[in-house]
Structures are given as C-alpha cells and as structure tokens.
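Below is one structure, written out as structure tokens; the observations come after it.
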Protein chains: 4
Amino acid sequence: MPRTADANAVLREKTRERVLQAAVRLFSRHGFDGTSVRALAQEADIAVGLLYSHFESKEGVLSALMQSSMLDVARTLEAADREPTARGFVTVLLTSAVEMMDAHRDLWRLSQGLRHQPEVLARLKLPFEHFLGATHQRLKAALAARGVQEADIEARVLFALVEGISQQYVQHEGGYPAAAVIRAAARRWPATPSRKRKADTP
Amino acid sequence: MPRTADANAVLREKTRERVLQAAVRLFSRHGFDGTSVRALAQEADIAVGLLYSHFESKEGVLSALMQSSMLDVARTLEAADREPTARGFVTVLLTSAVEMMDAHRDLWRLSQGLRHQPEVLARLKLPFEHFLGATHQRLKAALAARGVQEADIEARVLFALVEGISQQYVQHEGGYPAAAVIRAAARRWPATPSRKRKADTP
Amino acid sequence: MPRTADANAVLREKTRERVLQAAVRLFSRHGFDGTSVRALAQEADIAVGLLYSHFESKEGVLSALMQSSMLDVARTLEAADREPTARGFVTVLLTSAVEMMDAHRDLWRLSQGLRHQPEVLARLKLPFEHFLGATHQRLKAALAARGVQEADIEARVLFALVEGISQQYVQHEGGYPAAAVIRAAARRWPATPSRKRKADTP
Amino acid sequence: MPRTADANAVLREKTRERVLQAAVRLFSRHGFDGTSVRALAQEADIAVGLLYSHFESKEGVLSALMQSSMLDVARTLEAADREPTARGFVTVLLTSAVEMMDAHRDLWRLSQGLRHQPEVLARLKLPFEHFLGATHQRLKAALAARGVQEADIEARVLFALVEGISQQYVQHEGGYPAAAVIRAAARRWPATPSRKRKADTP
DNA sequence: TATGAATGAGAATTCATTCAT
DNA sequence: TATGAATGAATTCTCATTCAT
C-alpha cells in the first residue's frame with residue numbers, strides 16, 4: 001500500500017521547511033552566490049536531488065524566501081496603520097519593524113542585501129519594483145491622512161529612515177539602542193491627530 | 001630599445017585605471033561574483049594575464065575600488081565639517097553625498113551593495129568595520145559640537161538617514177527630489193549655532 | 001479481500017502493456033537516453049516504483065520492445081516466402097514491411113535508430129548480430145530458390161534496398177510514394193518462376 | 001613578449017583537430033549521449049576547460065563533425081556527376097562513397113547513426129533536412145539527364161540503395177564484397193548514354 | 001611588459017534506482 | 001501491489017589563475 005497522500009504532504013512540507021530555514025541561514029551569511037547547492041542540502045540534511053524535487057532551482061529557493069519577506073513588510077505596515085497620529089504611525093512602524101527583525105533577523109539581512117543586487121532580483125521575477133513603489137505610496141497616504149504637509153517628500157524621508165534604521169539594527173550584533181533611536185526619529189512628526197482626520201471618522 | 005622608466009610608469013598607471021573603471025561598471029551592474037575576470041579584462045581591453053600583473057587577484061581589484069570609495073565618504077564629511085550649525089552640517093553632508101553619487105554613481109552602488117556582504121568585505125582585509133565605527137563617532141562629535149543633545153542617538157538617526165537617502169538616490173534612475181528631501185530631513189536639526197552646549201535649548 | 005490471481009495477472013499485463021506503449025512513443029521521439037524513467041512512468045500514468053516491479057531496469061523496457069520488433073521482421077519475411085517468383089518475393093517483402101511500419105511506425109523508427117548504436121544493443125543481450133546474419137541467409141536462400149544467380153550478392157543488394165526504403169519511409173512524415181518505389185525496385189528481379197535453377201537464364 | 005598571433009593560430013588549430021578526432025572516435029563508438037565531455041577531453045589529452053574555448057558546447061563539437069560529413073557527401077556526388085551514363089553515375093557514386101567510408105569510417109558511422117536521431121539533429125541547427133531534400137533533387141536530375149524515365153521514383157530507389165549499402169558497408173568489420181554488390185546494384189540502370197543528353201552537350 | 005592557451009576544481013542540475021510505508 | 005520521497009553519483013559547463021612564449 002502506498003503512503004497515504006496525507007503522510008506524503010506532511011513529509012514534503014517538513015522537508016521544504018528545512019530547506020528554507022537552511023537557505024536563510026546560509027544565504028544571509030555567505031550570500032546567494034556564496035552558497036552552493038551542495039552546502040544548502042547539507043545544512044538542510046537532505047540529498048541534493050531532493051532539493052530539486054521541492055524547488056525548481058537554487059533561485060527558486062531564494063524566490064520563496066523573498067516572498068515571505070515581502071509579507072513581513074506588509075504586516076509591519078498594517079500594524080502601524082491603526083495609529084491615529086503621525087508620530088504614533090512612525091513609532092509603531094519602526095517598532096514593529098524591529099520586532100520583525102528580531103524574529104527573522106537572517107531573512108531581513110538577506111532581503112536587504114538583495115535590494116542592492118537588482119540583477120539577481122530581476123531574475124526572481126518577483127514584483128519587487130512594484131512593491132517598493134506601492135510601499136512609498138502607502139507611506140505617503142498614511143502621512144497625508146494624519147495631516148502631514150508635503151506628504152510625498154516626508155514619505156521619502158520616512159522611507160529612508162526606516163531603511164537606514166533597519167540596516168543599522170540588523171547589522172549590529174546586539175546593543176543597538178533601537179528604542180531610543182526610534183523615539184528620537186519619531187519626534188520629528190506631530191503627536192497630535194490632524195483635525196481633518198478627526199472629522200473623517202468621528 | 002626599452003622605454004624610459006617614466007614612460008613605463010605612466011603606461012602602467014593608465015592600464016590600472018582602465019581596469020578599475022571597467023571593474024566599477026561591471027561589478028556594480030552584475031555584482032562581484034557575476035563578473036568574470038575574462039569579462040573584466042575584455043571591458044578594460046587588455047589581456048587577462050596583464051590584469052594579474054597589476055592586481056594580485058580579482059579580489060584585489062575590488063579592494064582597490066573600495067578604498068577609493070572610503071575616501072569619498074571621508075571627503076563628504078570634511079565638506080560638512082565647515083558648517084557651524086547642526087542643520088547646516090546635515091544639509092551639506094547630504095548635499096555633498098548626493099554630489100559624490102552623481103560623480104561616482106556606480107562606485108557607490110557597488111559599495112552600498114558590499115556593505116551587506118560582510119563575508120566578502122572581510123576577505124578584502126579592509127578596515128571597514130572600524131571605518132563605520134569611526135564615521136559614527138565623527139557624526140556624534142559633529143552634532144555634539146553644534147549643541148545637539150543626546151548626540152549619540154541623534155548621530156544614529158542621522159547615519160540612518162544618510163544611508164537611507166543615499167540608497168534611494170542611487171537606485172532611482174533619476175527624478176529623485178533630492179534637494180527637497182534633504183531640506184525636509186535637515187529641518188529636524190536646529191539652524192542656530194550653539195554658543196555653549198548648555199545654552200542651546202533655553 | 002485479495003483479488004483473484006487471474007484478475008491480478010490481467011491487471012499486471014495491462015500495466016506492462018501501457019509501459020511498453022509509452023516507451024515506444026518516448027524512446028522513438030526523444031531517444032533512449034533522452035527519455036527519463038520519470039517521464040516514462042508519467043506517460044504510462046503509473047508511479048516510478050511500479051515500473052520497476054514490471055521491468056528490471058530502463059534497459060529492460062527497451063529490450064522487451066526490441067524483441068517484439070524482431071518478431072515483426074520475421075513476420076514480414078514469412079509473408080513474402082509464399083511468393084513463387086523473385087519479383088513477387090521482393091514486392092511482398094517490401095509491401096508488408098511498409099504495412100508493418102504503418103502499424104508500428106514508432107517501434108520501427110526506434111529499432112532502426114538502435115541498429116546504429118551497437119554498444120546499446122550489446123547491453124541488451126539480444127541476439128541481434130545473429131538475427132541480422134540469419135536474415136541475410138534467409139534472403140539469400142529465398143532468392144536462390146527462385147532461380148536468382150549470384151544469390152549472395154543479390155541478397156545484399158536486396159537487404160540494402162529493404163533497409164534504405166524502410167528508412168526513407170519511416171522518416172517521411174507522409175507522402176512517400178511507397179507503392180511506386182516498390183514496383184520500380186522489384187522490377188530488377190525476374191517475374192517468372194524458375195523451373196530449375198539451370199534453366200532461368202537460357 | 002606575447003606569443004605571436006601565428007604561433008597561437010597553429011596551437012589552436014592543433015588542439016581543435018585533436019578534439020575533433022577524439023570526438024569521431026568516441027561518438028561513433030559510444031554515441032553522443034554515451035560520451036562524456038570529460039572522456040572527450042581525456043581522449044584528446046587536454047583539459048576539459050580548453051575544450052570549451054574551442055567549441056561552444058559538446059553539441060558544438062558534434063555540429064562541426066556533421067558539417068565535414070556533409071562535405072564528404074557533396075564530394076561523392078561531384079565525382080559521380082562526371083559520368084555520362086546512368087550506370088556509370090551509379091557505379092561511381094557508390095564506389096566513391098565506399099572510398100569515403102574507408103577514409104572516414106567512424107565519421108560516417110556517426111553521421112548515419114544521427115540520421116535516426118532527429119531531435120539531436122534539430123538541436124545542431126544544421127540544414128540537414130534541406131540537405132537531404134537537395135540530395136534527392138540532385139540524384140533525380142542526374143538520372144533524368146542520363147535518360148532515365150520516372151526519374152523521381154528511380155532517384156528514390158537509388159537513394160535507398162546508397163543508404164542501405166553504405167550502412168551495410170560501414171557496419172561490417174571487413175569482408176563486405178563492396179565491388180560485387182555495387183556492380184550488381186548498378187546493373188539495373190542503362191549503360192548507354194541517352195540521346196537527349198548527347199544533344200544537350202554536342 | 002604582454003598575450004591568451006591551458007588547467008582543473010567546483011558549480012548547478014539531472015536521473016536511474018531504492019525503499020519505507 | 002503501489003506510491004513517490006529520497007539518494008548521490010555523474011553530467012555539462014564556468015572560471016580564477018598560471019605560464020610558455
């Protein structure tokens with residue numbers, strides 16, 4: 001009798017997960033090019049061939065990782081969106097980004113690194129370009145809704161801050177005064193809700 | 001008849017320069033791993049063997065590039081240091097960074113990418129780690145000297161901003177509103193010189 | 001409740017047949033090396049493992065196919081043997097070969113291809129060499145019996161013709177004027193039965 | 001001082017030739033798929049990498065071989081074209097084919113084998129299909145010009161004969177009565193020049 | 001100094017076969 | 001009997017580096 005379909009699905013999922021975890025670890029430490037498929041399989045403790053029954057290629061593994069990293073970013077934004085004031089928005093945005101990074105430090109390190117390798121990104125055929133543009137738009141809308149003037153420019157400042165702080169944080173081995181930096185960074189945006197916004201949702 | 005020693009030295013220097021320029025172009029576009037020595041030699045229009053008489057290895061070429069990139073950063077800081085107010089300092093810092101990037105866009109792109117590949121950096125045996133620490137110290141000192149409180153934290157915010165804005169700028173194909181963003185970013189720091197530290201925020 | 005032994009045997013036979021049919025299709029199109037066992041199983045719509053319970057190996061499948069192809073050739077010869085004249089013999093030989101090819105075009109294509117890969121054939125441990133020799137002998141005997149002089153040489157000419165025409169026919173996608181070619185080819189042999197050998201060429 | 005361009009060209013040509021010779025030997029014995037690049041390089045007594053500086057791929061090597069094999073065929077036809085009678089044409093055609101095969105036995109074996117692997121041939125991007133069609137046309141024209149009726153059909157018979165005899169010859173290890181077979185095969189075509197043809201070139 | 005032919009280790013990927021269930 | 005996850009050796013091809021000239 002064959003293994004049941006269920007048992008197989010469980011088996012597959014477990015293996016797939018092991019590969020992905022091995023991949024974050026190795027890609028983030030040695031880079032995508034610096035990690036051989038053999039090393040990847042070894043770290044995941046499976047045979048090389050099995051890897052290819054789960055992913056189309058080494059790039060396919062990376063692609064899967066990047067997708068989950070984009071989800072992280074989206075979640076960060078959602079958390080912040082519930083805050084009524086600009087300062088609250090920025091604070092929660094940065095705080096929850098820092099929490100994400102604590103949870104998935106390697107994944108973020110990896111994804112930040114890739115942001116600077118447009119050729120690799122392009123090969124992944126992920127909507128990365130579009131994703132960045134959309135993120136800028138969401139930041140702009142969020143600030144505008146909270147009464148910030150020149151929302152486009154301010155959104156760019158904010159975007160730069162988020163990226164900059166994320167990088168510092170992720171690259172520090174520890175001891176980065178994240179809370180203080182976030183507080184200082186957020187101080188530049190008003191802590192009072194805009195009247196307009198109050199009127200929108202009374 | 002041999003050429004004079006002088007003429008030889010000039011020729012060597014020209015060749016070396018051609019290699020370096022080819023390297024910035026190719027490394028920044030295709031990455032370090034994505035660029036073969038053969039391609040490098042071809043772009044520089046010399047034979048592979050000759051390349052090895054100018055540089056110890058492919059890594060050696062990268063190393064030389066990164067050194068000149070560190071010089072760029074240092075120059076940026078020097079330009080800003082002449083400004084008496086914190087806002088002036090930040091403004092000039094960012095403005096001259098943007099100018100640098102206009103002049104050496106590919107080099108910066110490359111160096112930003114490498115910042116995320118600590119293993120590669122380590123192999124270069126360059127004082128990069130130390131360089132980043134020193135830069136943070138210089139920012140901190142500069143802000144403190146201009147009367148900014150909590151200079152350590154503020155320096156981190158500033159560092160994040162510089163990195164973030166640089167990245168946005170370098171990755172935009174054009175049309176980034178750098179001037180406006182810089183103005184907005186700098187607004188968060190005081191425009192008046194501190195007489196004494198105590199007196200800044202009366 | 002187990003199935004009866006009979007029902008099982010029928011099922012096995014059906015599966016085996018499905019594999020063989022899939023194999024002719026794939027081997028003839030993509031070659032033996034160009035067909036993976038996985039593809040084979042997929043085309044036969046069974047699991048890879050099951051294939052190995054029917055055949056010892058991928059080569060085993062090929063071997064089974066070639067056996068049935070040799071039977072085809074034998075049948076072709078038998079059909080011709082009933083003809084009294086040399087021309088009749090040749091005509092029927094070629095005509096029934098063409099019919100065979102219409103029925104088992106892929107199998108013939110495959111077997112013709114293999115005739116040129118002696119190493120593969122050798123691995124199959126089939127009496128191929130001997131089979132070719134025996135075929136030549138049968139042709140020679142058939143011609144001799146029908147009063148053809150220099151039967152050995154004539155048999156070689158005939159063998160070459162059969163092979164050559166078979167190849168042309170099998171490789172044409174259609175529109176090959178088989179009947180006309182056969183008629184023209186057969187014309188070279190006498191249309192009258194020999195009473196005695198001595199008497200044929202008075 | 002660099003090696004002179006001439007010296008380099010000689011070096012390259014020598015290596016290229018060694019690879020091609022190794023390739024005929026191995027491809028014809030073990031087949032294209034059955035020959036690994038490593039084995040090829042070993043037989044040619046060079047490093048694997050060097051092979052790739054002379055040919056784009058393993059397929060590239062095969063392609064080069066097939067081209068030279070097509071030249072052989074063309075030469076065979078040219079030799080025959082000088083004969084005024086149909087029988088002479090056929091005789092010289094087959095005779096010079098046999099001579100070619102004596103000179104390049106492995107190459108012909110290989111090329112005959114490939115004729116049955118249309119997928120491999122297609123990948124070579126050689127005008128093979130067209131070449132076969134053109135050859136048929138040349139045979140037809142040659143027979144027609146020598147007064148043969150139904151030249152199209154007769155050309156097909158002849159083509160089949162040439163292919164069939166070539167195969168028998170090339171596969172026999174020796175002792176094939178080529179001369180006798182050719183004489184017998186040619187007997188079917190008239191030994192007198194056609195009047196028409198005489199009139200064409202009086 | 002300058003050339004590019006030559007090297008061979010190592011990369012990604014495939015595939016026949018096995019085996020736990 | 002039947003499944004398909006798992007194995008790992010073997011494949012094609014690339015590339016940094018060396019070296020004879």
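Per chain, numbering begins at 1; letters A, B, ... match sequence-line order.
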Do the rings of His116(D) and His116(C) sit parallel, tilted or perpendicular, given the 30° and 60° boundaries?
-> parallel
Considering only heavy atoms from C-beta outward, does the side chain of His104(D) approach that of Asp72(D) to under 4.5 Å?
-> yes
For residues 20-39 of chain B, which residues have at least one heavy atom under 4.0 Å from DNA chain F?
-> Thr35(B), Ser36(B), Val37(B)
Write down the distance between NZ (Lys14(C)) and C1' (dA2(F)), rounded to a whole number of angstrom.
-> 15 Å
Expressed in angstrom and rounded to an integer, what is the separation of Arg16(C) atom CZ from dA2(F) atom P?
-> 15 Å
Calculate the interatomic distance between Leu11(A) atom CG and dA20(E) atom C1'; express it in whole Å.
-> 10 Å
Got a sec: does the CD of Glu59(A) have more than 12 other heavy atoms crowding it under 6.0 Å?
-> yes
If only side-chain N and O atoms of Tyr52(C) are considered, is one of them under 4.0 Å from the OP1 or OP2 phosphate oxygen of dT17(E)?
-> yes
Taking only side-chain nitrogens and oxygens of Thr15(D), does any of them come within less than 4.0 Å of OP1 or OP2 of dA6(E)?
-> yes
In this structure, are over 12 heavy atoms from other groups packed under 6.0 Å from Glu56(A) atom CD?
-> no
Rounded to the nearest Å, what distance is computed from the CG atom of residue Leu51(D) to the C1' atom of nucleotide dG8(E)?
-> 13 Å
Between dT3(E) (C1') and Gln42(B) (CD): distance, integer Å = 14 Å
CG of Leu62(B) to CZ of Arg123(B): how many Å apart, nearest 0.5 Å?
-> 9.0 Å
Leu50(D) CG to dA16(F) C1': how many Å, rounded?
-> 16 Å
Whole-Å gap separating C1' (dT11(F)) and CG (Leu40(D)) = 13 Å
NE2 of His30(D) to OG1 of Thr35(D): how many Å apart, nearest 0.5 Å?
-> 6.0 Å
Across all strands, who's sitting opposite dT11(F) as a Watson-Crick or G-U wobble pair, both distances under 3.5 Å?
-> dA12(E)
Listed nucleotide nearest any side-chain atom of His54(B), set dT14(F), dT7(E), dA2(E) = dA2(E)
With heavy atoms under 4.0 Å as the rule, sort Ile46(A) into base, sugar-phosphate or nothing.
-> sugar-phosphate
Ile46(D) side, atom CD1; Arg18(D) side, atom CZ - distance, nearest 0.5 Å = 7.0 Å
Shortest non-hydrogen separation from Leu124(B) to Ser63(B) and the atoms involved = O-OG, 3.8 Å
If each of Ala47(A) and Gly49(D) is mapped to the nucleotide of DNA chain F with the nearest heavy atom, which maps nearer the 5' terminus, i.e. the 5' end?
-> Ala47(A)
side-chain contact (heavy atoms from CB on, under 4.5 Å) evaluation trace for Leu20(A) with Leu65(A) = CA-CA 7 Å; Leu20(A) 286 174; Leu65(A) 288 178; 3.8 Å; yes
Nucleotide paired to dA20(E) in any strand shown, Watson-Crick or G-U, under 3.5 Å = dT3(F)
Expected list for residues 55-62 of chain D near DNA chain F, using heavy atoms below 4.0 Å, is Ser57(D), Lys58(D)
Atom CD of Glu13(A) and atom C1' of dA5(F) are separated, to the nearest Å, by 14 Å
May I ask you to test the Phe128(C)-Met66(C) pair for a side-chain heavy-atom distance under 4.5 Å?
-> yes
